Amino acid sequence: MRTSQFPLNTVKETPADAEIASHQLMIRAGLIRKLAAGLYTWLPLGLRVMRRVEKITRAEMEKAGALEVLMPALQPAELWQETGRWEQYGPELARLKDRHDRDFCLGPTHEEIITDLARNEIKSYKQLPITYYQIQTKFRDEIRPRFGIMRSREFIMKDAYSFHLNQASLQETYEVMYQAYSNIFNHLGLKFRAVIADSGSIGGAVSHEFHVLAESGEDAIAFSTVSDYAANIEKAEAVMPGGSPKAASAELTLIDTPNQHSIEEVCRFLNIAPAQCLKTLIVKGEEDALVALLLRGDHELNTIKAEKIDGIASPLAFANDEEISLACNCKPGSIGPIGLTIRIIADRSVALMSDFVCGANQDGKHYTGVNWERDLPLPAQIEDIRTVVEGDICPDGQGKITLARGIEVGHIFQLGTKYSAAMKAGVVNEAGKNQIIIMGCYGIGISRVVAAAIEQNHDEKGIIWPSNLAPFQVAICPMNMHKSARLKDASEKLYQDMLNAGIDVLFDDRKVRAGFMFSDMELIGIPHCIVIGDRGLDSGTVEYKARTAQGNEEVAFADIIDFLKAKLI
RNA sequence: CGGGGCGUAGCGCAGUUUGGUAGCGCACUUGCAUGGGGUGCAAGGGGUCGAAGGUUCAAAUCCUUUCGUCCCGACCA
C-alpha cells in the first residue's frame, strides 16, 4: 500500500477529551474518530488492526471446533422477556420500537438469541456438544462511556456459546476454550493473565477473565509469586491464617479518644499500627436488620464477598448515621463489638487479633487491650470478607499474593442451565427422555483488544504494535524521492520486490520531509522501517530501523528482502 | 441520577469579568525557498460563537430555558 492511496489521517494535537494513552494515540494515529459519546468510526488504518485481531480470533475458534454464525443485532423483546432480562437488564439495554409499536432491543449479548436457535435446531443428544460463535456489533447504553473504544456504547465482540448434555462435556469444552483464549492472546503478542473471576449475576460455578496487563487497567488482579494461581481481586480468597491469637498481655481499658474517628486518627492518637485496631462496619441486612462486619484496621472490606453472605443485603449498603446511633448508641467512629447486640460477622484475620483497640460504643471512647474470649466471645460467624493485599498467603498455599492491574479483554463462563431452562431448550437424550441442555459462553472484546494492546505497548512517540497486530509490517521511507529519479526507481523496485515477497509493506510516497515521515511511522507504530536515500544508494545500502530500537543499521540493498523475511518470521 | 467543568473554523485554544459586530496556533489551498527528525516566508479559503427565547440602539459576552460533551461519584451488572 502507498500512503498516497492510503491516507494516514494523523494529527499532532492531542484531543482535549482523551484521558488515557490508548485513546489519545488511537485518535492521533488516525485509527478512530468520535461520532458521539461512546460511538466511534473506525478509519482504514484502525480497521486494519481490528481485522488482525478478528483473524487470529477466528483461526483459534475454528481450531477449537467452533462454528461461525451471524445473529441479528436487532432483537425482539419476547426472547428477553422469556428469560426475565427485559426487566432485569436495566437502562443499559438499548430499547426501541418498530413501526408497529413492537418492542425490540439492540443486543448487548446474545444468550437469548443463541438459545432460541439451539432449541429450534438441536433436537437430539447426538447433535451435542456443539459450539457456535460470531464476531459482531454489541450495544450497551453505558451510563458513562469513557476511555474511547475501551468502554463504548457500540463495540465489536466475539461471542461463543457451547451446548452440552452434561457437565463433563461442558468442562471439556470450557478447557478447550480456555486454551484457545490463551493461544489468541499469545498470538496477539500481549502480556496477559487468565484469572479466576466472579461469575456475577450470569451465574454458574466457574468463570475466568482474561486480562491484558497494563498500569491503567480498571481491574486489580491478584496472582501468586510462584504458582499459577491468579484471580480478580474481587474473587481472590484471603485464607484463614494459621495459629491462634497471642496470649493477652494487656488489661482491658476504657480510654478517652476525643474526636478520633477514623482508624488513621485513632492510630496516630494512640501511636499504634492500623493492624492493631479493629474496624467495625455496620451494613444493612435483610428486613431492616443491621449487621456488624469486623475487619483488621489495615484491611479493606470486599463488597462482592460480603454481599454473598446470607442475610446481608445485596447490593451491599452501609447503614446511615441514624441507624448506627440506634443500634450502637454512638456515632460511626466509636463503634466496637463489645456489648453490641446485632449480628456480628468477623473477617478471618480478626480471629487472630489480641490486645487490640476497638470502639467502645460511646462517643469519643475506645477500648485498648481487648482480647477474644476474655473480654468478649469470639463472633460465631467468621467469614472471608476482606480484599487481599500484597504479601498475603496464596490460597493454593504456594507463594504469596502479588497485585497487578489489568484490562478485561475476555471472559469465559460455565453457564449451566440458566438460559436453556428459562427458554425450555432441551434435547432428547439416549434414554429417549427430554433433557435441558447445559451451556457455556465465551466472549472477547475485539475492539477493546486494540485499545488494550496500545495501552500495553506505547512510548512517547506513539504506538508500538506487536508484530501480529500491526496494520503494516514494514514502512519504506524514501528521502526526497521527488528530487531523484534514481531514488524513485530504486524505491519503486524495493516496494515491488517486497510485495512479490509477500511482505505487508507501506510505501510512504508522499512528498513530505524526513522528520514528518519518521514521526508518522512511529506514531502509527509500524514495527520495521526501511530508510532509502541517495546517500545509501551510492554505497548500495539502505537503513533499517526497528520501532523499538534506538539506532539504525545498514543493510545491503541486495539483501534487504531476506533480511526482512528473517525479521518477520 | 447527584456534583463539577467545557461548548468560539477540521483540531487545540484566546476573547466573556467590564456588551460595540471575532482572533491565534496547527491543519487545508497557492507560490517561492528548503530538503535525513513534525522547515521557513508570503498570499489565501473556511466560523448562523451548541440551540431557542429574552434584555439592549447594539450580545460570543448579560438573563432564562434547552441540548451536547468531558471528569468525579452513585446506580446497574
Side-chain angles (χ1 to χ4, degrees), chain A residues 7-20 23-24 27-30 32-41 43 83-94 108-109 111 138 140-148 150-153 197-204 207 209 218-219 232 234 303-304 307-308 313-318 320 408 411 413 418 443 460-462 475-484 487 491 508 510-524 529-538 541-543 545 547 550-552 554:
Chain A
L8 291 181
N9 308 111
T10 54
V11 291
K12 214 189 293 189
E13 308 252 19
T14 300
D17 55 5
E19 283 272 303
I20 60 169
H23 186 194
Q24 294 174 354
I27 290 180
R28 287 227 294 130
I32 55 170
R33 288 289 182 261
K34 183 167 85 170
L35 176 69
L39 299 173
Y40 292 85
T41 294
L43 295 174
T83 60
R85 288 212 293 181
W86 184 259
E87 286 76 30
Q88 283 165 21
Y89 217 98
E92 210 171 291
L93 185 65
T109 174
E111 281 83 8
K138 297 282 185 280
R140 292 185 190 172
D141 195 358
E142 294 279 351
I143 295 173
R144 188 146 82 84
R146 59 180 136 179
F147 304 144
M150 198 80 88
R151 182 173 297 280
S152 52
R153 293 197 286 181
D198 184 55
S199 50
S201 66
I202 294 201
S207 166
E209 290 168 352
E218 284 191 283
D219 290 289
N232 191 307
E234 294 176 347
T303 55
I304 304 267
E307 67 193 23
K308 283 193 178 148
S314 178
L316 193 81
F318 286 96
N320 61 36
E408 184 189 343
H411 202 158
F413 297 87
K418 175 169 175 169
E460 68 288 346
K461 290 175 177 173
I476 300 175
C477 295
M479 298 291 96
N480 303 309
M481 187 169 70
H482 64 285
K483 288 185 73 177
S484 164
L487 180 58
S491 303
D508 199 346
R510 296 174 297 178
K511 189 189 162 199
V512 294
R513 299 168 70 93
F516 198 94
M517 215 177 250
F518 296 151
S519 299
D520 261 359
M521 293 305 150
E522 282 159 349
L523 177 59
I524 68 174
C529 184
I530 300 296
V531 182
I532 176 167
D534 269 316
R535 224 189 267 168
L537 288 184
D538 291 337
T541 63
V542 296
E543 288 159 44
K545 184 181 176 303
R547 176 64 178 82
Q550 288 303 316
N552 296 359
E554 292 209 338

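A note on names: the letters A, B, ... follow the listed sequences, proteins ahead of strands, and every chain is numbered from 1. From a predicted model like this one, the values you see are computed outputs, not experimental measurements.
- In this entry the distance linking CE of M517(A) with C1' of G35(B) reads 11 Å, nearest Å.
- Within the 4.0 angstrom heavy-atom criterion, no nucleotide atom of any strand lies near I27(A).
- The C1' atoms of C49(B) and A14(B) are separated by 13 Å, rounded to the nearest whole Å.
- Note on V512(A): nothing from the nucleic acid sits closer than 4.0 angstrom, heavy atoms only.
- Taking atom CD of residue E307(A) and atom P of nucleotide C76(B), one finds them 9 Å apart after rounding to whole Å.
- In this structure, C13(B) forms a base pair with G23(B), meeting either the Watson-Crick or the G-U wobble geometry with both donor-acceptor distances under 3.5 Å.
- Across all non-hydrogen atoms, the minimal contact from Q88(A) to T83(A) is NE2-O, 4.4 Å.
- Rounded to whole angstrom, the span from the CZ atom of R513(A) across to the P atom of G35(B) amounts to 8 Å.
- Nucleotide C1(B) forms a pair with G73(B), judged by Watson-Crick or G-U wobble geometry with both contacts under 3.5 Å.
- The listed nucleotides are G36(B), G37(B), A27(B); the one nearest the side chain of K12(A) is A27(B).
- Taking both residues in full, the closest heavy atoms of A313(A) and E307(A) are given as O-CB, 3.8 Å, listed atom of the first, atom of the second, then distance.
- Checking G38(B), G36(B), G35(B) against every side-chain atom of N552(A), the shortest atom distance belongs to G36(B).
- Across the P atoms, U16(B) and G38(B) are found 35 Å apart, a figure rounded to whole Å.
- Nearest heavy atom pair, residue P108(A) against residue K138(A), reads O-CD, 3.5 Å.
- When Watson-Crick and G-U wobble pairs are counted only if both distances are under 3.5 Å, A51(B) pairs with U65(B).
- Minimum interatomic distance between N9(A) and R33(A) (heavy atoms only, all atoms of both residues): O-NH2, 2.8 Å.
- For A36(A), the listed nucleotide lying nearest its side chain is U69(B); candidates were G12(B), G37(B), U69(B).
- Closest contact between the side chain of A16(A) and the listed nucleotides G38(B), C13(B), G36(B) involves C13(B).
- Of all heavy-atom pairs spanning H411(A) and S207(A), the tightest one is NE2-OG, 2.7 Å.
- Nearest heavy atoms, Q24(A) versus A18(A): NE2-O, 3.0 Å.
- Using a cut-off of 4.0 Å between Lys/Arg side-chain N and Asp/Glu carboxylate O, K418(A) and E111(A) are scored as not salt-bridged.
- In this structure, M150(A) places its CE atom 16 Å from P of C70(B), rounding to the nearest Å.
- Of the candidate nucleotides G12(B), C71(B), C76(B), G12(B) has the atom nearest to the side chain of E13(A).
- Atom P of G4(B) sits at a distance of 35 Å from the matching atom of U21(B), rounded to the whole Å.
- One interatomic measurement links the two molecules: CG of L39(A) to C1' of G68(B), which rounds to 13 Å at whole-angstrom precision.
- The separation of G15(B) from G73(B), taken at their C1' atoms, amounts to 34 Å, rounded to a whole angstrom.
- Nearer to the 5' terminus of RNA chain B, by closest-nucleotide assignment, is the contact made by F516(A) (compared with the other of F516(A) and G90(A)).
- Residue E522(A) is classed as a base contact, given a heavy-atom separation below 4.0 Å to a base.
- Between the P atom of A33(B) and the NZ atom of K483(A) lies a distance of 10 Å, rounded to the nearest Å.
- To the nearest whole angstrom, the two P atoms, one in C41(B) and one in U34(B), are 15 Å apart.
- The side chain of D520(A) lies closest to G38(B) when the candidates are G12(B), A74(B), G38(B).
- H482(A) comes within 4.0 angstrom of a base, heavy atoms only.
- If K511(A) and P15(A) are placed on RNA chain B by their nearest nucleotide, the residue sitting closer to the 5' end is P15(A).
- Atom pair I20(A):CD1 and C72(B):P shows a separation of 11 Å (rounding to whole Å applied).
- Using a 4.0 Å cut-off between charged side-chain N and carboxylate O, K483(A) and D534(A) make no salt bridge.
- Using a 4.0 Å cut-off between a side-chain N of Lys or Arg and a carboxylate O of Asp or Glu, E19(A) and R146(A) do not qualify as a salt bridge.
- For V531(A), whose side chain is taken as the heavy atoms from C-beta onward, the closest listed nucleotide among C11(B), G36(B), G35(B) is G36(B).
- Taking atom C1' in both G35(B) and C72(B), the straight-line distance is 50 Å, to the nearest Å.
- Listed candidates were C71(B), U69(B), G38(B). Nearest to the side chain of S519(A) is G38(B).
- Within the shown strands, C28(B) is the pairing partner of G44(B) under the Watson-Crick or G-U definition, both distances less than 3.5 Å.
- Under 4.0 angstrom from either OP1 or OP2 of C75(B) there lies no side-chain N or O belonging to R144(A).
- Within 4.0 Å (heavy atoms only), E543(A) reaches at least one base atom of the nucleic acid.
- At the heavy-atom level, G533(A) lies under 4.0 Å from base atoms of the strands shown.
- When the P atom is used for both C71(B) and C32(B), the distance is 47 Å, rounded to whole Å.
- Nearest to the side chain of K545(A), among G25(B), G37(B), C1(B), sits G37(B).
- Between K34(A) and C70(B), a side-chain N or O to OP1/OP2 separation shorter than 4.0 Å is present.
- Both distances falling under 3.5 Å, in either a Watson-Crick or a G-U wobble arrangement, occur for no nucleotide opposite U34(B).
- No N or O donor and acceptor, one from the side chain of N480(A) and one from the base of G36(B), sit under 3.5 Å apart.
- Rounded to an integer number of Å, the gap from CD of Q550(A) to C1' of G37(B) is 14 Å.
- Going from the P atom of A51(B) to that of A9(B) covers 11 Å, rounded to whole Å.
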